[in-house]
Undergrad: 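Provided herewith is a single structure, encoded as structure tokens, for subsequent inquiry.
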Amino acid sequence: MSAARPPILLASPRGFCAGVERAVEIAELALEVYGPPVYVRHEIVHNRRVVEDLRAKGAVFVEELDEIPAGDALVIYSAHGVAPAVRDAARARGLRTLDATCPLVTKVHVEALRCARDGYEILLVGHRGHVEVEGTLGHARDAMHLVESREQAEQVQVRNPERLAVLTQTTLSVDDTREILAVLARRFPALRLPKKDDICYATQNRQNAVKALAQRADRVLVVGAPSSSNSNRLVEVARACGARAELVESATDVPREWVAGARALGVTAGASTPQVVVDEVIAELVRLGAGEVEELVTELEDVHFTLPLELRDARRQVAGS
Ligand code: F3S
């Protein structure tokens, strides 16, 4: 008698968030309306497939603006946002710019500027070196202290605890961040907290979905890039719930032994992962012996962000000509 085929449970929501949808649409439309080359500072979103597709259409990815020829070349800022110094440098080089920063990251930037203007020191909870964190730090560098862990929350020293605010990266673990914020609130009772959590709706929803998944699936695959913060957090959350969990970037990374002996296989995807890659991972699991696919819906998302005005105008002109 052959062994039963373990079902695949597919988390919903998963994959692209509204900020990523918008960033990819901005890049695609810019290529269509203005024609290549269109320069993109940093990977537009952390996903190899998305980057390769855009590169094939004429996008040129750079890490720094000095890789772009001076003049009126067009550069797009990625969904992760940039520091004001980058905008200044673009202006100084005469570059045209389009801003694909996620509006929820911009919200944190605005809050950083407001806190610094009001004379607050700012504790920024986030991961050193992540491109979003670099952009946020750049909005009030002299006023900011980066806090990466509970240990650092216990140790961080500030000049004036009476005028202190906290902000967070948008793609952190909700549970870890709650613990870090609790330490900071205990040490600094006057701490000014954001009105609403800076961790974005998409990060929160995907973490809730993977928790539900890990209750029914003993093995969970998170489809996402190693550089994707929110994808890595999904792996951690699934493991914290007791599931065996791995990050896979594509179908070729699916562990061959993953299916045999599993009770149920969970699949989810980070906010920068296109559905086509999830479909390929599912096809590979089925090829390796997995059974039916069942979607596990924990939340319905209906969030959309508008495109930059200049791009909407340019598109209208092209359509009308
Ligand atoms: Fe924005 Fe959150 Fe997506 S900050 S880019 S909606 S993961």
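Every number for a ligand or one of its atoms is a count from 1 in the order of the listing.
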Undergrad: Quick one: do the Ser173 and Asp175 side chains pair a donor with an acceptor below 3.5 Å?
TA: no

Undergrad: Would you say the side chain of Glu301 lies within less than 4.5 Å of the side chain of Asn205, judging by non-hydrogen atoms?
TA: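 Yes, their side chains come closer than 4.5 Å.
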
Undergrad: Return yes if a side-chain donor-acceptor contact under 3.5 Å exists between His127 and Gln169, otherwise no.
TA: no

Undergrad: Regarding Glu52 and Arg55, does a basic nitrogen lie under 4.0 Å from an acidic carboxylate oxygen?
TA: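 No.
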
Undergrad: Which residues and atoms, protein N, O or S only, are under 2.8 Å from atom 2 (Fe) of ligand 1?
TA: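 Result, waters dropped: Cys200 SG.
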
Undergrad: Nearest 0.5 Å, what's the CG-OG1 distance between Leu9 and Thr268?
TA: 11.5 Å

Undergrad: Before accepting this row, confirm whether a basic side-chain N of the pair Arg41/Glu64 lies closer than 4.0 Å to the acidic partner's carboxylate O.
TA: yes

